[in-house]
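Scroll down for the structure; my scribbles are underneath it.
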Amino acid sequence: MFALLVINSQLWSMNIGIVLYPTFGGSGVVATELGLELAQRGHHVHFISYNQPARIHYFSKTVTFHEVIVPDYPLFDFAPYETALTGKIVDVALYENLDVLHAHYAIPHATCAYLAKQILASKGKNLPFITTLHGTDITLVGKEPSYAPSVKFAIENSDAITAVSDSLRRETIDNLGITKNIEVIHNFINPELYQYNPEKCIRSYAAPNGEKIMMHISNFRPVKRVHDVITAFAGIQKEIPVKLVMVGDGPERNAAERQVRDLGLEKQVYFFGKIKQPSDILPCADLFILPSESESFGLSGLEALASGVPVISTHTGGTPEVQIHGETGYLTAPGDTEAMIKFGIEILKDEERLNTFKKNAKARSLEFTADKIIPRYEALYEKVIRN
Ligand code: GMT
C-alpha cells in the first residue's frame, strides 16, 4: 500500500519528523496515528518526544522513535526541555536527513521547531516546519500572557499552519491575532480499527443482564466536565437499565469516584483507567457522552461515531463540525445535564431509534477517514518543501 509522491516526475518518499506529546491526550494520538499512516504510505517517519508515544503499536524500518533526554544539573529548578528538544530536532534533521518537520501542539513544539530551523540554516540545511494547532494550545494555555508572545511568534513563522477545526482556526485569529493563512485539516480515523469484536466486548461482565452501556473517555481534566457525565447518567438510569463505563484518568477522577459513591451508583459505574486502544472497547457501547466545556474537535467523539456509537456532546468549539444534532446524537449547552438526561433517555429507550442513530454515527465517521485526510498533509509537506 505505498502511495509515494510524484515530484518532478520522480517517485519520492519523504523523511518526516513529528514532534509530539507521547501521552494519551488527543494531540499525541492524532500525531501518532498520522505518522503510522504516513509510514504505511511509504514515508519514513521519525517521532521525537520525551517518551515513546502511547499509541505506537509497532516499529518498522520506516517508523523510528527518537527520545529526548533532558540532562539535569543542580542549578536547574526546571530542566530545560525546550533546549534538549531543539538539540534533538537538529540532530535528527541532520543525521536522518529530514525533509520536513511537523510540530503537534504549539507549546513548546512550534518554538523549538523554529529555533531548530534557524540552527540548521546556519549549518546550510533547510528544514521547513508545519505547526498543527490542537486546541488548548490556543484556547487555554496559549492565552497565558507568559506563553502568548513566543507561541504567536512561532506560529506566525511556521512554514504552514493547520488547525483541527474551523472553530479553532477562528479562535486562533481572535486570540492571537494571527494573520497568516491557517488551513483546516480535521482529525481522522481508520475505520478498520473500530469493528465490533466479541472477544474484546465488555458486555458480558459490565452489563450481564442486557443493560445498555454508556461510555465516556477523556483525560479527566476540568474542561471535560466529568461530573456532568455522572449527573446525566444518574438521571438516565432512573428510566433505563444502563451501566456507565468511564475510561481514562486525570485530575478529576477521585472527585468523580466520590460523586458516584455519594449517589450510591458504585455498582453501576466502572472506572477502567487508561486504555491504549479505545477501539477495543468503544464498539461495545450504546451511547457515548462528551459534555466538555470546550472541545476544539473532540477526537473521542469521532472515535465513538466510527464505532457506530451515537454521541451526546456539547455544541462548543469544533464539536458541531463533527457531530450532527438529531442524527449522530444530540448537542446541548455545556452544563445542561437536564437536556443530556432527556436526550439520553430518548436514544436508549427506543431500539429502532437507537439503531438508526448507530447507523448514522458510522456513516458520518466515514467523512473523516484517514484516506481522505492524510493526502492533505502530504500535499502540505510537498508545498512547504517546494517553497
Ligand atoms: O483534550 C485535551 O485536553 C487534550 C488535547 C491535546 O492536545 O492532547 O486535545 C485537543 O486536541 C485533540 C486532538 O486534536 C482534540 O480532539 C481535542 O478536542 C482538543 N481538546 C480540547 O480542545 C479541550
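Start at 1 with the first residue, then count along the sequence. The structure presented is a predicted model; accordingly, all values stated were derived computationally and were not measured. Remember, it's 1-based here, ligands and their atoms both numbered in the order they're listed.
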The answer for which part of Leu299 has a heavy atom under 4.0 Å from ligand 1 is both

Cationic N near anionic O, under 4.0 Å, Arg225 to Glu293
yes

Work out whether the distance between some heavy atom of Ser294 and some atom of ligand 1 is less than 4.0 Å.
yes

In this structure, does ligand 1 have an atom that sits under 4.0 Å from one of the heavy atoms of His104?
no

Got the closest protein heavy atom to atom 2 (C) of ligand 1, with its distance?
Asn219 ND2, 3.2 Å

When you look for heavy atoms under 4.0 Å from ligand 1, do you find them on the side chain of Tyr105, its backbone, both, or neither?
side chain

Got a donor-acceptor contact below 3.5 angstrom from the Ser294 side chain to the Thr316 backbone?
no

Would one find an N or O of Gly28, backbone or side chain, under 3.5 Å from an N or O of ligand 1?
no

Which ligand 1 atoms does Asn187 reach within 4.0 Å, using its non-hydrogen atoms?
13 (C), 14 (O), 16 (O)

Do the side chain of Lys372 and the main chain of Leu366 share a donor and acceptor less than 3.5 angstrom apart?
yes

Donor-acceptor side-chain pairing of Thr131 and Ser158 below 3.5 angstrom:
yes

Just to be sure I read this right, does ligand 1 sit under 4.0 Å from the backbone of Asp137, its side chain, both, or neither, counting only heavy atoms?
neither

Backbone or side-chain N or O of Gly135 under 3.5 Å from ligand 1 N or O
no

What's the shortest distance from atom 11 (O) of ligand 1 to any protein heavy atom, and which residue and atom give it?
His134 O, 3.2 Å

Of all protein heavy atoms, the one nearest atom 6 (C) of ligand 1 is Ser27 N, 3.3 Å

Go through the steps for Phe47 and His104 under the test ring-ring contact (aromatic ring centres under 6.0 Å, His included), then give the verdict.
CA-CA 11 Å; Phe47 290 107; His104 284 264; 9.3 Å; no

Looking only at distances, please establish whether an N/O atom of ligand 1 is found under 3.5 Å from an N/O atom of Val164.
no

Under the salt bridge (charged side-chain N to carboxylate O under 4.0 Å, His left out) rule, what do Lys342 and Glu338 come out as? Steps first, then yes or no, please.
CA-CA 6 Å; Lys342 178 178 139 274; Glu338 284 308 313; over 6 Å; no

In ligand 1, the atoms that come under 4.0 Å of a heavy atom of Thr136 are 23 (C)

Using modelled atom types only, decide if a donor and an acceptor are shared between the side chain of Ser296 and the backbone of His134 within a distance under 3.5 Å.
yes

What residue and heavy atom of the protein are closest to atom 3 (O) of ligand 1, and at what distance?
Arg221 NH1, 2.8 Å

Before accepting this row, confirm whether a basic side-chain N of the pair Lys358/Glu351 lies closer than 4.0 Å to the acidic partner's carboxylate O.
no

Show me which atoms of ligand 1 lie under 4.0 Å from any heavy atom of Gly298.
15 (C), 16 (O), 17 (C), 18 (O)

Within the 4.5 Å heavy-atom criterion, are Pro128 and Ile385 side-chain neighbours or not?
yes

Under 4.0 Å between a Lys/Arg side-chain N and an Asp/Glu carboxylate O for Glu211 and Arg203?
no

For atom 17 (C) of ligand 1, grab the closest protein heavy atom and report residue, atom and distance to one decimal in Å.
Glu295 OE2, 3.2 Å

Pair Glu321 + Arg169, salt bridge at N-O below 4.0 Å
no

Atoms in ligand 1 with a heavy atom of Lys224 nearer than 4.0 Å:
1 (O), 2 (C)

What is the nearest protein non-hydrogen atom to atom 15 (C) of ligand 1, stated with its residue, atom name and distance?
Ser296 OG, 3.7 Å

Should Lys383 and Asp159 count as an ion pair when the cut-off is N to O under 4.0 Å?
no

What residue and atom, counting heavy atoms only, is the protein's closest point to atom 12 (C) of ligand 1, and at what distance?
Gly26 CA, 3.8 Å

